[in-house]
Amino acid sequence: MDASRISLRPFKLSDADDLLKWFGDERVAKNTRWDAISSREEALAHLEKVAIPNPWHYSICLDDRSIGYVAFWQGTLPYDKYKANVGYAVGAEYWGQGIATVAVKKGLCRVFQDFPKLARVEAYTLVDNGRSQRLLQKLGFVNEGLLRKVFYYQGEVRDFLIFSFLSTDHIL
């Protein structure tokens with residue numbers, strides 16, 4: 001995949017049909033914090049309430065068409081200003097093409113530039129999500145270990161792996 005075709009930009013309401021296509025796919029949604037979106041109305045509501053208001057929530061675009069997302073967020077406690085979490089997904093038809101890797105790399109560069117006090121980005125993956133784990137390792141994230149029964153996730157408390165990337169690390 002030609003990396004110049006991949007960009008990050010803020011979401012727009014006009015992304016609703018594209019968002020419905022990839023976020024309506026159970027294969028994609030099963031690895032995210034949200035349930036699959038099943039209607040254009042749900043896609044618009046997600047854009048209006050979640051994606052557009054968040055300045056760190058980017059649409060992953062291929063030739064300016066939304067095919068996924070990468071998002072960064074922080075907690076509300078005082079020490080949270082030094083760390084952020086990252087989440088990402090791309091449409092199943094784009095899996096294995098390196099698009100998410102390029103997008104997360106671009107997002108990491110952007111977030112560390114925009115927030116010089118940020119020391120750490122954390123990523124949590126389901127234990128059985130090998131694709132996500134490989135993506136993080138390709139970028140230089142360090143697997144810090146297993147968190148047992150740490151998050152309520154799609155109806156049950158699940159085990160996750162935690163990965164980190166520090167501001168002093170080098171993006172691979």
Peer 1: Shared ILVMFWY cluster between F115 and L139, side chains joined below 4.5 angstrom?
Peer 2: yes
Peer 1: Donor-acceptor pair, Q154 side chain versus A29 backbone, under 3.5 Å?
Peer 2: yes
Peer 1: Could you note down all residue pairs passing salt bridge (Lys or Arg N to Asp or Glu O under 4.0 Å) where residues 77-90 supplies at least one of them, sequence neighbours left out?
Peer 2: K83-E122
Peer 1: Which other residues end up in the same hydrophobic cluster as V142, if Ile, Leu, Val, Met, Phe, Trp and Tyr are linked when side-chain heavy atoms come under 4.5 Å apart?
Peer 2: none
Peer 1: Can you give each donor-acceptor pair under 3.5 Å made by side-chain atoms of residues 161-172, sequence neighbours left out, with the distance rounded to 0.1 Å?
Peer 2:
| residue | atom | partner | partner atom | Å |
| --- | --- | --- | --- | --- |
| S164 | OG | E144 | OE2 | 2.7 |
| D169 | OD2 | L166 | N | 2.8 |

Peer 1: For L108 and F72, which heavy atoms make the closest approach, and how far apart are they?
Peer 2: N-CZ, 3.7 Å
Peer 1: Please find the pair of heavy atoms, one from A103 and one from V70, that lie closest to each other, and give the distance.
Peer 2: O-CG1, 4.3 Å
Peer 1: Might you point out which heavy atoms bring I37 and A43 nearest each other, and give the distance in Å?
Peer 2: CG2-N, 3.5 Å
Peer 1: Who passes side chain to side chain contact (heavy atoms under 4.5 Å, CB included) against K138, sequence neighbours left out?
Peer 2: T101
Peer 1: Could you go through residues 8-15 and list every donor-acceptor pair under 3.5 Å that involves a side-chain atom there, pairing it with any protein atom two or more places apart or in another chain?
Peer 2:
| residue | atom | partner | partner atom | Å |
| --- | --- | --- | --- | --- |
| R9 | NE | D64 | OD1 | 2.9 |
| R9 | NH1 | D15 | OD2 | 2.9 |
| R9 | NH2 | D15 | OD1 | 2.8 |
| R9 | NH2 | D64 | O | 3.4 |
| D15 | OD2 | K12 | N | 2.9 |

Peer 1: Identify whether L135 and Y58 are in the same connected component of the hydrophobic contact network (ILVMFWY, side-chain heavy atoms under 4.5 Å).
Peer 2: yes
Peer 1: Please tabulate, for the side chains in residues 20-27, all donor-acceptor contacts under 3.5 angstrom to protein atoms that are two or more places apart in sequence or on a different chain.
Peer 2:
| residue | atom | partner | partner atom | Å |
| --- | --- | --- | --- | --- |
| W22 | NE1 | D18 | O | 3.3 |
| W22 | NE1 | S66 | O | 3.4 |
| D25 | OD1 | R27 | N | 2.8 |
| D25 | OD1 | R27 | NE | 3.1 |
| D25 | OD2 | R27 | NE | 3.3 |
| D25 | OD2 | R27 | NH2 | 2.7 |

Peer 1: Please list, chain by chain and in numerical order, all residues satisfying salt bridge (Lys or Arg N to Asp or Glu O under 4.0 Å) with D2, sequence neighbours excluded.
Peer 2: none
Peer 1: Who passes side chain to side chain contact (heavy atoms under 4.5 Å, CB included) against R131, sequence neighbours left out?
Peer 2: W95, N129, R134
Peer 1: Minimum heavy-atom separation for T32 and A89, please, with both atom names.
Peer 2: CG2-CB, 4.0 Å
Peer 1: Answer yes if the side chains of S132 and Y88 hold a donor-acceptor pair under 3.5 Å, and no otherwise.
Peer 2: yes
Peer 1: Taking only residues two or more places apart in sequence, or in another chain, which ones meet Y124 in a ring-ring contact (aromatic ring centres under 6.0 Å, His included)?
Peer 2: F151
Peer 1: Of all residues at least two apart in sequence or in a different chain, which pass the side chain to side chain contact (heavy atoms under 4.5 Å, CB included) check with V102?
Peer 2: A3, I6, K106
Peer 1: Under the salt bridge (Lys or Arg N to Asp or Glu O under 4.0 Å) criterion, do R148 and D159 qualify, and how do the steps go?
Peer 2: CA-CA 5 Å; R148 300 180 316 149; D159 295 345; over 6 Å; no
Peer 1: Between E93 and I67, is the side-chain contact (heavy atoms from CB on, under 4.5 Å) condition met? List the steps.
Peer 2: CA-CA 9 Å; E93 67 198 83; I67 63 163; over 6 Å; no
Peer 1: Could you pull out the closest heavy-atom pair between V50 and N54, with the gap in Å?
Peer 2: O-CB, 3.5 Å
Peer 1: Same cluster or not: L126 versus Y69, using hydrophobic residues (I, L, V, M, F, W, Y) connected whenever any side-chain heavy atoms lie under 4.5 Å apart?
Peer 2: no
Peer 1: Identify whether V90 and V86 are in the same connected component of the hydrophobic contact network (ILVMFWY, side-chain heavy atoms under 4.5 Å).
Peer 2: yes
Peer 1: Sorted by first residue and then second, give each salt bridge (Lys or Arg N to Asp or Glu O under 4.0 Å) pair with at least one member in residues 38-54; sequence neighbours left out.
Peer 2: D17-R40
Peer 1: Compare every heavy atom of A84 with every heavy atom of L118, then report the nearest pair and how far apart it is.
Peer 2: CD1-N, 3.8 Å
Peer 1: Give the other cluster members for Y79, using side-chain heavy-atom distances under 4.5 Å between Ile, Leu, Val, Met, Phe, Trp and Tyr residues; answer none if it is isolated.
Peer 2: L77
Peer 1: Same cluster or not: V150 versus V127, using hydrophobic residues (I, L, V, M, F, W, Y) connected whenever any side-chain heavy atoms lie under 4.5 Å apart?
Peer 2: no
